[in-house]
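Here is the structure we will look at.
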Amino acid sequence: MSSNSVIKPLIYTVLGVVALAMFGVGFSDGASAILVVLIASGTALLLFRSFSDDKDFITTLFLGALAARLVFGLFVHLYDLRHFFGGDAIGYNVNGSRILDVWSGLVHPNDTAYLRSIHSGLPGWGMNYLVAIIYAAVGKNILAAQSFCAVVGAATAPMVYFCAQKIFANRRVSKTAALSIAFFPTFIIWSSQLLKDGLIIFLLVVAMTMVLQLQEKISYPALAALVFSLFGIISLRFYIFYMVATAVAGSFIVGVSKKSTSIFRRAAVLLLIGFGLTYLGAMREVGVTFERYGDLDRLQNSRLDLAKSAESGYGEDTDISTAGGAITAVPIGFLYLMLAPFPWQMTSLRQIITLPEVLVWWASIPLMISGIWYSIRNRLKSALP
(Lines give C-alpha, C1' and ligand atoms only; values in the text may rest on other atoms or scores of the structure.)
Protein backbone atom coordinates (compact mmCIF):
# COMPACT_ATOMS: atom_id res chain seq x y z
CA MET A 1 0.00 0.00 0.00
CA SER A 2 1.50 3.33 -1.08
CA SER A 3 2.02 6.14 1.38
CA ASN A 4 -0.20 8.35 -0.78
CA SER A 5 -3.16 6.00 -0.28
CA VAL A 6 -2.80 6.56 3.48
CA ILE A 7 -2.00 10.27 3.46
CA LYS A 8 -4.92 11.35 1.27
CA PRO A 9 -7.69 9.79 3.39
CA LEU A 10 -6.00 11.16 6.51
CA ILE A 11 -6.00 14.69 5.09
CA TYR A 12 -9.64 14.45 4.02
CA THR A 13 -10.58 13.11 7.46
CA VAL A 14 -8.81 15.99 9.21
CA LEU A 15 -10.51 18.52 6.93
CA GLY A 16 -13.88 16.94 7.65
CA VAL A 17 -13.30 17.04 11.41
CA VAL A 18 -12.22 20.69 11.17
CA ALA A 19 -15.40 21.54 9.24
CA LEU A 20 -17.54 19.90 11.93
CA ALA A 21 -15.59 21.71 14.66
CA MET A 22 -16.15 25.04 12.89
CA PHE A 23 -19.89 24.42 12.97
CA GLY A 24 -19.49 23.71 16.68
CA VAL A 25 -18.08 27.21 17.21
CA GLY A 26 -21.38 28.65 16.00
CA PHE A 27 -23.38 27.76 12.93
CA SER A 28 -23.33 31.21 11.34
CA ASP A 29 -19.65 31.93 11.98
CA GLY A 30 -18.64 28.36 11.16
CA ALA A 31 -20.63 28.26 7.94
CA SER A 32 -19.21 31.56 6.65
CA ALA A 33 -15.66 30.45 7.54
CA ILE A 34 -16.15 27.18 5.66
CA LEU A 35 -17.59 29.11 2.69
CA VAL A 36 -14.49 31.33 2.60
CA VAL A 37 -12.24 28.25 2.71
CA LEU A 38 -14.16 26.47 -0.06
CA ILE A 39 -14.15 29.45 -2.43
CA ALA A 40 -10.53 30.48 -1.80
CA SER A 41 -9.07 26.96 -1.80
CA GLY A 42 -11.16 25.90 -4.80
CA THR A 43 -9.85 28.87 -6.80
CA ALA A 44 -6.26 28.18 -5.71
CA LEU A 45 -6.46 24.49 -6.58
CA LEU A 46 -7.95 25.23 -9.99
CA LEU A 47 -5.06 27.57 -10.81
CA PHE A 48 -2.35 25.31 -9.41
CA ARG A 49 -3.60 22.20 -11.22
CA SER A 50 -3.88 24.04 -14.53
CA PHE A 51 -0.18 25.03 -14.39
CA SER A 52 1.23 21.84 -12.85
CA ASP A 53 2.56 18.70 -14.49
CA ASP A 54 2.29 16.88 -11.13
CA LYS A 55 -1.33 17.55 -10.25
CA ASP A 56 -1.63 14.77 -7.67
CA PHE A 57 1.34 15.96 -5.60
CA ILE A 58 0.29 19.63 -5.79
CA THR A 59 -3.25 18.81 -4.68
CA THR A 60 -2.12 16.63 -1.76
CA LEU A 61 0.52 19.20 -0.76
CA PHE A 62 -1.97 22.07 -0.73
CA LEU A 63 -4.70 20.19 1.13
CA GLY A 64 -2.21 18.85 3.70
CA ALA A 65 -0.82 22.34 4.32
CA LEU A 66 -4.36 23.71 4.56
CA ALA A 67 -5.43 21.02 7.06
CA ALA A 68 -2.44 21.79 9.31
CA ARG A 69 -3.22 25.52 9.29
CA LEU A 70 -6.93 25.15 9.87
CA VAL A 71 -6.30 22.83 12.82
CA PHE A 72 -3.88 25.22 14.49
CA GLY A 73 -6.04 28.25 13.71
CA LEU A 74 -9.07 26.55 15.22
CA PHE A 75 -7.02 25.67 18.32
CA VAL A 76 -6.05 29.32 18.75
CA HIS A 77 -9.64 30.42 18.19
CA LEU A 78 -11.29 27.94 20.56
CA TYR A 79 -8.89 28.57 23.43
CA ASP A 80 -8.63 32.34 22.83
CA LEU A 81 -4.84 32.28 22.43
CA ARG A 82 -4.45 35.17 20.01
CA HIS A 83 -2.76 37.36 22.62
CA PHE A 84 -0.16 34.61 23.11
CA PHE A 85 0.48 33.58 19.49
CA GLY A 86 -0.32 36.72 17.51
CA GLY A 87 -1.86 39.74 19.18
CA ASP A 88 -1.89 41.80 15.98
CA ALA A 89 -4.88 39.74 14.82
CA ILE A 90 -7.05 41.50 17.40
CA GLY A 91 -6.06 44.90 16.04
CA TYR A 92 -6.78 43.89 12.44
CA ASN A 93 -10.20 42.61 13.51
CA VAL A 94 -11.02 45.92 15.23
CA ASN A 95 -9.72 48.07 12.36
CA GLY A 96 -11.44 46.01 9.67
CA SER A 97 -14.72 46.15 11.59
CA ARG A 98 -14.43 49.93 11.91
CA ILE A 99 -13.85 50.34 8.16
CA LEU A 100 -16.92 48.20 7.45
CA ASP A 101 -18.95 50.32 9.87
CA VAL A 102 -18.03 53.42 7.88
CA TRP A 103 -18.90 51.70 4.58
CA SER A 104 -22.25 50.70 6.12
CA GLY A 105 -22.96 54.23 7.34
CA LEU A 106 -22.80 53.29 11.02
CA VAL A 107 -19.74 55.43 11.75
CA HIS A 108 -18.89 58.90 10.41
CA PRO A 109 -16.04 58.95 7.83
CA ASN A 110 -14.20 61.54 9.95
CA ASP A 111 -13.93 59.12 12.87
CA THR A 112 -10.36 59.29 14.19
CA ALA A 113 -9.94 55.52 14.60
CA TYR A 114 -11.23 54.97 11.06
CA LEU A 115 -8.88 57.53 9.53
CA ARG A 116 -5.96 55.97 11.37
CA SER A 117 -6.83 52.46 10.15
CA ILE A 118 -6.95 53.50 6.46
CA HIS A 119 -3.94 55.86 6.53
CA SER A 120 -1.66 54.63 3.76
CA GLY A 121 1.35 56.14 5.51
CA LEU A 122 0.98 53.72 8.43
CA PRO A 123 2.32 50.14 8.33
CA GLY A 124 -0.07 47.32 7.48
CA TRP A 125 -3.00 49.43 6.26
CA GLY A 126 -3.67 46.88 3.51
CA MET A 127 -4.47 44.23 6.12
CA ASN A 128 -7.21 46.43 7.56
CA TYR A 129 -8.81 46.79 4.13
CA LEU A 130 -8.54 43.05 3.45
CA VAL A 131 -10.36 42.24 6.70
CA ALA A 132 -13.03 44.82 5.90
CA ILE A 133 -13.61 43.30 2.45
CA ILE A 134 -13.97 39.81 3.93
CA TYR A 135 -16.34 41.11 6.59
CA ALA A 136 -18.39 42.92 3.94
CA ALA A 137 -18.85 39.58 2.15
CA VAL A 138 -19.56 37.25 5.10
CA GLY A 139 -20.14 39.46 8.13
CA LYS A 140 -17.83 40.34 11.02
CA ASN A 141 -16.26 36.98 11.67
CA ILE A 142 -12.62 36.76 12.70
CA LEU A 143 -12.64 32.99 12.12
CA ALA A 144 -13.55 33.55 8.46
CA ALA A 145 -10.81 36.15 7.98
CA GLN A 146 -8.33 33.89 9.75
CA SER A 147 -9.35 30.96 7.55
CA PHE A 148 -8.69 33.04 4.44
CA CYS A 149 -5.15 33.66 5.69
CA ALA A 150 -4.78 29.91 6.26
CA VAL A 151 -5.69 29.23 2.63
CA VAL A 152 -3.13 31.78 1.43
CA GLY A 153 -0.52 30.26 3.75
CA ALA A 154 -1.24 26.80 2.35
CA ALA A 155 -1.06 28.17 -1.21
CA THR A 156 2.52 29.30 -0.55
CA ALA A 157 3.73 25.69 -0.65
CA PRO A 158 2.67 25.02 -4.28
CA MET A 159 4.03 28.43 -5.29
CA VAL A 160 7.40 27.52 -3.75
CA TYR A 161 7.29 24.28 -5.76
CA PHE A 162 6.77 26.24 -9.00
CA CYS A 163 9.46 28.78 -8.09
CA ALA A 164 12.08 26.16 -7.20
CA GLN A 165 11.23 24.16 -10.31
CA LYS A 166 11.84 27.20 -12.51
CA ILE A 167 15.22 27.86 -10.90
CA PHE A 168 16.62 24.33 -10.54
CA ALA A 169 14.45 22.18 -12.88
CA ASN A 170 14.76 19.45 -10.23
CA ARG A 171 11.61 17.85 -8.81
CA ARG A 172 13.33 16.53 -5.70
CA VAL A 173 14.54 20.02 -4.80
CA SER A 174 11.13 21.52 -5.57
CA LYS A 175 9.25 18.96 -3.48
CA THR A 176 11.63 19.29 -0.53
CA ALA A 177 11.30 23.08 -0.53
CA ALA A 178 7.51 22.92 -0.86
CA LEU A 179 7.10 20.36 1.92
CA SER A 180 9.31 22.42 4.23
CA ILE A 181 7.16 25.50 3.67
CA ALA A 182 3.99 23.46 4.10
CA PHE A 183 4.85 21.81 7.43
CA PHE A 184 7.59 23.75 9.21
CA PRO A 185 5.99 24.74 12.56
CA THR A 186 6.77 28.46 12.30
CA PHE A 187 5.19 28.75 8.87
CA ILE A 188 2.08 27.00 10.17
CA ILE A 189 1.83 29.24 13.24
CA TRP A 190 2.26 32.54 11.40
CA SER A 191 0.12 31.71 8.36
CA SER A 192 -2.83 30.10 10.18
CA GLN A 193 -3.89 33.25 12.03
CA LEU A 194 -5.22 36.67 11.03
CA LEU A 195 -1.69 37.98 10.54
CA LYS A 196 0.02 39.58 7.57
CA ASP A 197 3.24 37.55 7.72
CA GLY A 198 1.89 34.56 5.80
CA LEU A 199 0.40 36.84 3.16
CA ILE A 200 3.70 38.65 2.70
CA ILE A 201 5.61 35.39 2.21
CA PHE A 202 3.05 34.29 -0.36
CA LEU A 203 3.31 37.58 -2.26
CA LEU A 204 7.11 37.41 -2.21
CA VAL A 205 7.08 33.92 -3.74
CA VAL A 206 4.51 34.94 -6.35
CA ALA A 207 6.59 38.01 -7.27
CA MET A 208 9.78 35.99 -7.70
CA THR A 209 8.02 33.27 -9.69
CA MET A 210 6.48 35.85 -12.02
CA VAL A 211 9.90 37.46 -12.51
CA LEU A 212 11.27 34.09 -13.60
CA GLN A 213 8.34 33.68 -15.99
CA LEU A 214 8.83 37.15 -17.47
CA GLN A 215 12.52 36.48 -17.98
CA GLU A 216 11.49 33.78 -20.44
CA LYS A 217 8.77 35.69 -22.28
CA ILE A 218 6.36 38.58 -21.81
CA SER A 219 3.12 37.34 -20.33
CA TYR A 220 0.42 39.82 -19.40
CA PRO A 221 -1.14 37.57 -16.72
CA ALA A 222 2.33 37.13 -15.16
CA LEU A 223 2.93 40.87 -15.38
CA ALA A 224 -0.42 41.59 -13.72
CA ALA A 225 0.33 39.08 -10.95
CA LEU A 226 3.74 40.67 -10.37
CA VAL A 227 2.32 44.20 -10.13
CA PHE A 228 -0.46 43.00 -7.81
CA SER A 229 2.11 41.25 -5.60
CA LEU A 230 4.32 44.32 -5.38
CA PHE A 231 1.33 46.50 -4.49
CA GLY A 232 0.25 43.98 -1.86
CA ILE A 233 3.72 43.99 -0.32
CA ILE A 234 3.66 47.79 -0.09
CA SER A 235 0.29 47.74 1.66
CA LEU A 236 1.36 45.09 4.17
CA ARG A 237 5.02 45.80 4.93
CA PHE A 238 6.28 48.69 2.89
CA TYR A 239 10.02 48.46 3.62
CA ILE A 240 10.23 44.99 2.05
CA PHE A 241 9.06 46.60 -1.20
CA TYR A 242 12.37 48.45 -1.59
CA MET A 243 14.30 45.18 -1.47
CA VAL A 244 11.87 43.37 -3.77
CA ALA A 245 11.82 46.24 -6.28
CA THR A 246 15.63 46.20 -6.36
CA ALA A 247 15.60 42.45 -6.94
CA VAL A 248 13.02 42.72 -9.72
CA ALA A 249 14.82 45.56 -11.49
CA GLY A 250 18.19 43.86 -11.06
CA SER A 251 16.94 40.61 -12.54
CA PHE A 252 15.97 42.41 -15.76
CA ILE A 253 19.11 44.55 -15.95
CA VAL A 254 21.92 42.16 -14.97
CA GLY A 255 22.87 39.68 -17.65
CA VAL A 256 20.92 41.39 -20.40
CA SER A 257 21.53 39.69 -23.71
CA LYS A 258 23.17 41.64 -26.52
CA LYS A 259 20.18 40.83 -28.70
CA SER A 260 18.14 43.98 -29.24
CA THR A 261 14.89 42.02 -28.87
CA SER A 262 15.93 40.86 -25.41
CA ILE A 263 16.92 44.36 -24.36
CA PHE A 264 13.64 45.75 -25.66
CA ARG A 265 11.60 43.03 -23.94
CA ARG A 266 13.22 43.62 -20.56
CA ALA A 267 12.92 47.39 -20.84
CA ALA A 268 9.27 47.01 -21.83
CA VAL A 269 8.59 44.80 -18.81
CA LEU A 270 10.17 47.31 -16.41
CA LEU A 271 8.21 50.13 -18.03
CA LEU A 272 4.93 48.25 -17.73
CA ILE A 273 5.63 47.40 -14.10
CA GLY A 274 6.28 51.08 -13.38
CA PHE A 275 3.07 52.14 -15.13
CA GLY A 276 1.08 49.50 -13.26
CA LEU A 277 2.41 50.51 -9.85
CA THR A 278 1.85 54.20 -10.64
CA TYR A 279 -1.75 53.49 -11.69
CA LEU A 280 -2.41 51.68 -8.40
CA GLY A 281 -0.94 54.57 -6.43
CA ALA A 282 2.00 52.50 -5.24
CA MET A 283 4.64 55.04 -6.20
CA ARG A 284 2.90 57.73 -4.15
CA GLU A 285 2.76 55.26 -1.26
CA VAL A 286 6.50 54.64 -1.58
CA GLY A 287 7.19 58.38 -1.34
CA VAL A 288 4.90 58.87 1.67
CA THR A 289 6.34 55.99 3.67
CA PHE A 290 9.93 56.90 2.83
CA GLU A 291 9.39 60.45 4.07
CA ARG A 292 7.67 59.16 7.20
CA TYR A 293 10.06 56.34 8.13
CA GLY A 294 13.27 57.17 6.29
CA ASP A 295 14.53 59.35 9.14
CA LEU A 296 17.25 57.74 11.30
CA ASP A 297 16.11 59.54 14.45
CA ARG A 298 12.63 58.09 14.01
CA LEU A 299 14.06 54.63 13.41
CA GLN A 300 16.19 54.94 16.55
CA ASN A 301 13.16 55.84 18.67
CA SER A 302 11.18 52.93 17.25
CA ARG A 303 14.05 50.48 17.74
CA LEU A 304 14.66 51.68 21.29
CA ASP A 305 10.99 51.26 22.24
CA LEU A 306 11.00 47.70 20.92
CA ALA A 307 14.29 46.86 22.63
CA LYS A 308 12.83 47.93 25.97
CA SER A 309 9.31 46.54 25.65
CA ALA A 310 9.66 43.32 23.66
CA GLU A 311 10.61 40.10 25.40
CA SER A 312 12.88 39.39 22.44
CA GLY A 313 14.37 42.90 22.38
CA TYR A 314 18.12 43.51 22.47
CA GLY A 315 20.69 46.28 22.23
CA GLU A 316 19.16 49.09 24.31
CA ASP A 317 22.50 50.91 24.19
CA THR A 318 22.75 50.78 20.39
CA ASP A 319 22.35 54.14 18.64
CA ILE A 320 21.37 54.16 14.95
CA SER A 321 20.41 57.84 14.76
CA THR A 322 23.52 58.48 12.64
CA ALA A 323 24.71 56.80 9.44
CA GLY A 324 27.83 55.52 11.21
CA GLY A 325 25.81 54.09 14.07
CA ALA A 326 23.38 52.40 11.69
CA ILE A 327 26.21 50.78 9.71
CA THR A 328 27.89 49.62 12.93
CA ALA A 329 24.66 47.99 14.08
CA VAL A 330 24.19 45.96 10.88
CA PRO A 331 26.44 42.97 11.77
CA ILE A 332 24.85 42.30 15.17
CA GLY A 333 21.41 42.97 13.71
CA PHE A 334 22.02 40.46 10.92
CA LEU A 335 23.26 37.92 13.46
CA TYR A 336 20.05 38.21 15.47
CA LEU A 337 17.94 38.12 12.32
CA MET A 338 19.49 34.83 11.17
CA LEU A 339 20.13 33.00 14.46
CA ALA A 340 17.98 34.37 17.33
CA PRO A 341 16.55 33.44 19.72
CA PHE A 342 19.70 31.88 21.14
CA PRO A 343 19.08 28.99 23.58
CA TRP A 344 20.77 30.79 26.50
CA GLN A 345 18.50 33.83 25.99
CA MET A 346 15.18 31.97 26.10
CA THR A 347 13.35 33.31 29.13
CA SER A 348 9.70 33.18 28.03
CA LEU A 349 7.48 30.25 27.05
CA ARG A 350 7.04 31.60 23.53
CA GLN A 351 10.81 31.54 23.07
CA ILE A 352 11.34 28.14 24.70
CA ILE A 353 8.85 26.34 22.46
CA THR A 354 10.83 27.48 19.41
CA LEU A 355 14.03 25.75 20.57
CA PRO A 356 13.64 22.52 18.52
CA GLU A 357 13.00 24.49 15.36
CA VAL A 358 15.88 26.87 16.08
CA LEU A 359 18.24 23.91 16.26
CA VAL A 360 16.87 22.53 12.97
CA TRP A 361 17.30 25.97 11.39
CA TRP A 362 20.92 26.19 12.55
CA ALA A 363 21.59 22.72 11.14
CA SER A 364 20.09 23.83 7.81
CA ILE A 365 22.37 26.86 7.40
CA PRO A 366 25.26 24.88 5.81
CA LEU A 367 22.77 23.52 3.28
CA MET A 368 21.57 27.04 2.55
CA ILE A 369 25.13 28.28 2.02
CA SER A 370 25.96 25.40 -0.32
CA GLY A 371 22.71 26.01 -2.20
CA ILE A 372 23.50 29.71 -2.61
CA TRP A 373 27.00 28.87 -3.85
CA TYR A 374 25.60 26.35 -6.33
CA SER A 375 23.05 28.89 -7.54
CA ILE A 376 25.68 31.57 -8.08
CA ARG A 377 27.83 29.20 -10.09
CA ASN A 378 25.11 27.50 -12.12
CA ARG A 379 21.80 29.41 -11.88
CA LEU A 380 22.79 33.05 -11.36
CA LYS A 381 20.31 34.55 -13.80
CA SER A 382 17.34 32.63 -12.39
CA ALA A 383 18.36 32.87 -8.74
CA LEU A 384 19.35 36.54 -8.75
CA PRO A 385 15.97 37.96 -7.67
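Counting begins at 1 with the first residue of the sequence.
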Problem - ring pair (Phe, Tyr, Trp, His ring centres under 6.0 Å) partners of F23, counting only residues at least two apart - result: F27
Handout entry: Other ILVMFWY residues reachable from F168 by side-chain steps of under 4.5 Å
Key = I167, V173, L212, Y374
Practice task
Quick one: sort the F48 and F162 rings into parallel, tilted or perpendicular, breaks at 30° and 60°.
Solution key: tilted
Exercise for the section: Classify the angle between the aromatic ring planes of F342 and Y336 as parallel (below 30°), tilted (30 to 60°) or perpendicular (above 60°). Expected result: perpendicular
Problem - Separation of S97 OG from N128 CG (nearest 0.5 Å) - result: 10.0 Å
Exercise for the section: For V71, check side-chain contact (heavy atoms from CB on, under 4.5 Å) against everything at least two apart and list the hits. Expected result: V14, V18
Completion exercise
dist Y12:OH -> I7:CD1 (nearest 0.5 Å) comes out at 12.0 Å
Exercise for the section: Could you note down all residue pairs passing salt bridge (charged side-chain N to carboxylate O under 4.0 Å, His left out) where residues 105-115 supplies at least one of them, sequence neighbours left out? Expected result: R98-D111
Practice task
Using the test side-chain contact (heavy atoms from CB on, under 4.5 Å), find all partners of D29 that sit at least two apart in sequence or belong to another chain.
Solution key: N141
Problem - Partners passing side-chain contact (heavy atoms from CB on, under 4.5 Å) against A169 (at least two apart in sequence or in another chain) - result: none
Completion exercise
The remaining residues in the hydrophobic cluster of V94, counting side-chain heavy-atom contacts under 4.5 Å among Ile, Leu, Val, Met, Phe, Trp and Tyr, are none
Problem - Those residues that, when tested against F51, pass ring pair (Phe, Tyr, Trp, His ring centres under 6.0 Å) (two or more places apart) - result: none
Practice task
Find out if a path of hydrophobic residues (ILVMFWY) with successive side-chain heavy-atom gaps under 4.5 Å connects F334 to L339.
Solution key: yes
Exercise for the section: To the nearest 0.5 angstrom, please state how far the CG atom of L199 sits from the CZ atom of R237. Expected result: 10.5 Å
Fill in the blank from the handout: Contacts of D53 meeting salt bridge (Lys or Arg N to Asp or Glu O under 4.0 Å) (sequence neighbours excluded), chain-then-number -> R171
Fill in the blank from the handout: Residue set satisfying side-chain contact (heavy atoms from CB on, under 4.5 Å) with V102, at least two apart, ordered chain then number -> V107, P109, Y114
Handout entry: L194 side chain reached by M127 side chain, heavy atoms, under 4.5 Å
Key = yes
Give the table of side-chain donor-acceptor pairs shorter than 3.5 Å for residues 219-228, with sequence neighbours excluded, one pair per line with atom names and distance.
unit_1: S219; atom_1: OG; unit_2: A222; atom_2: N; d: 3.4

Problem - Contacts of S191 that satisfy side-chain hydrogen bond (donor to acceptor under 3.5 Å, both in side chains) - sequence neighbours left out - result: R69
